Undergrad: 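Have a look at this one.
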Amino acid sequence: FFTLGIVFRQWKIASVVGKKSANGLALAVAAGLLSAVLFVLYWNYDPAHALSYFGANRSALSLALSMSICTFLYLVMPVNQALASTGSYSFAIYLFHPLFSSVSRRVLEALDPATPDPLIFATGLTLGLGMPVLLQQALKKSSTLNLLLLGVRRRDMAGRQMSPSTLQTA
């Protein structure tokens, strides 16, 4: 997925096809239709009747489905304010989500080994996103802990753009 993003950026896909152009619309519709077809294939997958190139564990089908959905979303570029508001916390979420999501799963399974998967998922998602945000808010009060755990100095968090030369002298 990272490579797909690099390809889109290097080839300037967004500027070439454009959201409002006929090419952009056609490509978005094609990616959406491909996603829908692959989604149906994925959920109706039967290993006994599988095509040999999908493999026994659906990994090729999963990759094709995921890449087509990512391409569709990239071309459509939906805006979600709830996700946009978490942007300033993305590094903390990236760093600390495994700690909170995996601990929540282990605690739930220790309390009840028959915990339903949707409950484990919802709890892991909530704690994996929410707790890093709260942790970053708490770390703002201590510049030493903020620097040690997030690598961010207090003045960096004030919104000032830091250039590489500023980082070396700061």
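All figures in this text were calculated on a predicted structure; none of them were measured in a lab.
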Undergrad: Quick one: list whatever passes side chain to side chain donor-acceptor pair (under 3.5 Å) with S104, sequence neighbours left out.
TA: none

Undergrad: Quick one: side chain to side chain donor-acceptor pair (under 3.5 Å) pairs with a partner in residues 75-94, sequence neighbours left out?
TA: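 Checked against side chain to side chain donor-acceptor pair (under 3.5 Å) - neighbours excluded - the pairs reaching residues 75-94 are Y89-Q137.
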
Undergrad: Name the one of L33, L34, V37 that satisfies side chain to side chain contact (heavy atoms under 4.5 Å, CB included) with S68?
TA: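 When L33, L34, V37 are each tested with S68, the side chain to side chain contact (heavy atoms under 4.5 Å, CB included) holds only for L34.
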
Undergrad: How would you list, by chain and number, every residue that makes a side-chain contact (heavy atoms from CB on, under 4.5 Å) with L95, sequence neighbours excluded?
TA: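 Expected list: F91, L150.
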
Undergrad: How close do F96 and L149 get, heavy atom to heavy atom, and via which atoms?
TA: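 Scanning both residues completely, I find the closest heavy atoms to be CZ-O, 3.7 Å.
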
Undergrad: Verify the cluster assignment for L139 and I93: are they in a single hydrophobic cluster under the rule of side-chain heavy atoms below 4.5 Å apart?
TA: no

Undergrad: Could you tell me the separation between the CG atom of N146 and the CD atom of Q136, rounded to the nearest 0.5 Å?
TA: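 Atom-to-atom, N146:CG and Q136:CD are 7.0 Å apart.
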
Undergrad: Which residue pairs satisfy the salt bridge (Lys or Arg N to Asp or Glu O under 4.0 Å) criterion with at least one member in residues 107-126, sequence neighbours excluded?
TA: R105-E109

Undergrad: Same cluster or not: are L145 and L134 linked, directly or through other Ile, Leu, Val, Met, Phe, Trp or Tyr residues, by side-chain heavy atoms under 4.5 angstrom apart?
TA: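 Yes; L134 is reachable from L145 via cluster members.
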
Undergrad: Show me the donor-acceptor pairs, under 3.5 Å and distance only, between side chains in residues 119-130 and residues at least two apart or in other chains.
TA:
residue, atom, partner, partner atom, Å
T123, OG1, L119, O, 2.8
T126, OG1, A122, O, 2.8

Undergrad: Are L108 and M131 grouped together when hydrophobic residues (ILVMFWY) are joined by side-chain heavy atoms under 4.5 angstrom apart?
TA: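 No: no chain of side-chain contacts under 4.5 Å links L108 to M131.
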
Undergrad: Applying side-chain contact (heavy atoms from CB on, under 4.5 Å), name anything that partners T144, two or more places apart in sequence or on another chain.
TA: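 Applying side-chain contact (heavy atoms from CB on, under 4.5 Å) to T144 gives S142, L148.
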
